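Written below as structure tokens is the structure these notes are about.
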There are 2 protein chains.
Amino acid sequence: MKNKVIMPFRSAKHQHRKCQKIALDSAKKLCESQGQRLTPLRQRVLELVWQTHEPVKAYDILDQLKDEHSSSAPPTVYRALDFLQEQGLVHKIESLNAYIGCGGPDESHEHSQFLICQQCGAVAELDDIDITNLLNEKVSELGFTMQTGMVEIVGVCAICNH
Amino acid sequence: MKNKVIMPFRSAKHQHRKCQKIALDSAKKLCESQGQRLTPLRQRVLELVWQTHEPVKAYDILDQLKDEHSSSAPPTVYRALDFLQEQGLVHKIESLNAYIGCGGPDESHEHSQFLICQQCGAVAELDDIDITNLLNEKVSELGFTMQTGMVEIVGVCAICNH
DNA sequence: TATTGAAATGTTATAATATAACATTTTTGA
DNA sequence: TCAAAAATGTTATATTATAACATTTCAATA
């Protein structure tokens, strides 16, 4: 557990296929090691989440899923997203009601921090131990026991800042 | 701007009327000083938000408002909440889709941190400059320009921890 | 390998949260 | 007093998410 940029902002012309491949491969590995089933449906939802580095709406996933899998309905998507979140493969961005693939599901990180670029819409993920420690320390002073922390920072990314 | 507990966790038997009075009085003062109109409707919504230290759902406000103001509809509540949020009198807790009164609307604080007690449901508000500075510093290192930050920490408060 | 219980998916309905669009009323300032 | 702006009323609908129950698929084991 150290300071990590779990998923940075990527340039418009990065090889996104590589991001997708890494995500899918590590998802398969993780599920296997956990004895969890990454079914075709769940895998497909994960792929749809990984279309871009922008968080995706559940109903956008549903619309796409319907085209290829006509029996899809809201529970189809929400169940898959629930599963993927439980495995740490997907995170929900609460302030956007949208879902993003986790860049580092292997390394356990209970407390990610998300950076949301207002301009390009992309989201980066950090797992910064200094932030987590400071939050823990600060709330402990108040007698509060921290279980999970949600940090979502809105601003402008380095690329958009040029 | 300093380290502040804007609104602490309060014991079950604290004099909540005082919290309400302070909130209402400072809201009136703030609106007056800003040339904003705290209309009866807006004030009533603010009072309903301040019923407790637990965040309140928009439709719960609506249900109560309807009893006393039959023309109330969703926009009635959402417009009042939007106004109150713009004035810094109310905050939205994103992870709960619920609204809480701001304990210190006077002192400008762009970046609150919210502590959410799983057990009693209450929410405390901090404006901790160390946290804000660290977040700023960390994202700056990545070339990210921070505009607003959402920090919501779930756990157990000192009172529930006994 | 047949069975059976659990897990996953299908299906229908509806709950919960939020906004759009336009009409009317109220307030404010010229 | 009038006109413009602000606030509220009203109706409709969009968006996000879950409940409840039926059916199918999978995987362990008898």
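In the text below, chain A, chain B and the rest are named by the order of the sequence lines, each starting its count at 1. All figures in this text were calculated on a predicted structure; none of them were measured in a lab.
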Legend entry - side chain to side chain donor-acceptor pair (under 3.5 Å) partners for Asp130(B), two or more places apart: Lys138(A), Asn3(B)
Legend entry - Rounded interatomic separation in angstrom, taking CG from Asp60(B) and C1' from dA15(C): 13 Å
Legend entry - Integer-rounded Å distance: dT19(C) P and Phe83(B) CZ: 18 Å
Legend entry - Letter per nucleotide, 5' to 3', of nucleotides 9-22 of chain D [B base touched, S only sugar-phosphate touched, - untouched; heavy atoms, 4.0 Å]: BBB----BBBBB--
Inset, instruction - Please report, rounded to the nearest Å, how far the P atom of dA7(C) is from the CZ atom of Arg42(A). - result: 11 Å
Legend entry - Leu81(B) CG to dT8(D) C1', straight-line distance once rounded to whole Å: 15 Å
Inset, instruction - Measure the distance from CG on Leu84(B) to P on dT8(D) and round it to the nearest whole Å. - result: 10 Å
Inset, instruction - May I have the distance from Lys66(A) (atom NZ) to dT9(C) (atom P), rounded to whole angstrom? - result: 18 Å
Legend entry - Atom-pair distance (CG on Leu62(B); P on dA16(C)), nearest Å: 13 Å
Inset, instruction - May I have the distance from Arg37(B) (atom CZ) to dG29(C) (atom P), rounded to whole angstrom? - result: 10 Å
Legend entry - Thr76(A) to Ser71(A) - nearest heavy-atom pair and separation: OG1-O, 4.1 Å
Inset, instruction - Spell out, yes or no, whether Phe114(B) and Val56(B) are grouped together once hydrophobic residues are joined by side-chain heavy atoms under 4.5 Å, including indirect joins. - result: no
Legend entry - Considering all heavy atoms, the nearest Pro55(A)-Ile100(A) contact: N-CD1, 3.8 Å
Legend entry - Hydrophobic cluster identity match, Leu135(B) and Phe144(B), side-chain contacts under 4.5 Å: yes
Legend entry - Shortest non-hydrogen contact from Leu84(B) toward Arg42(B): CD1-O, 3.9 Å
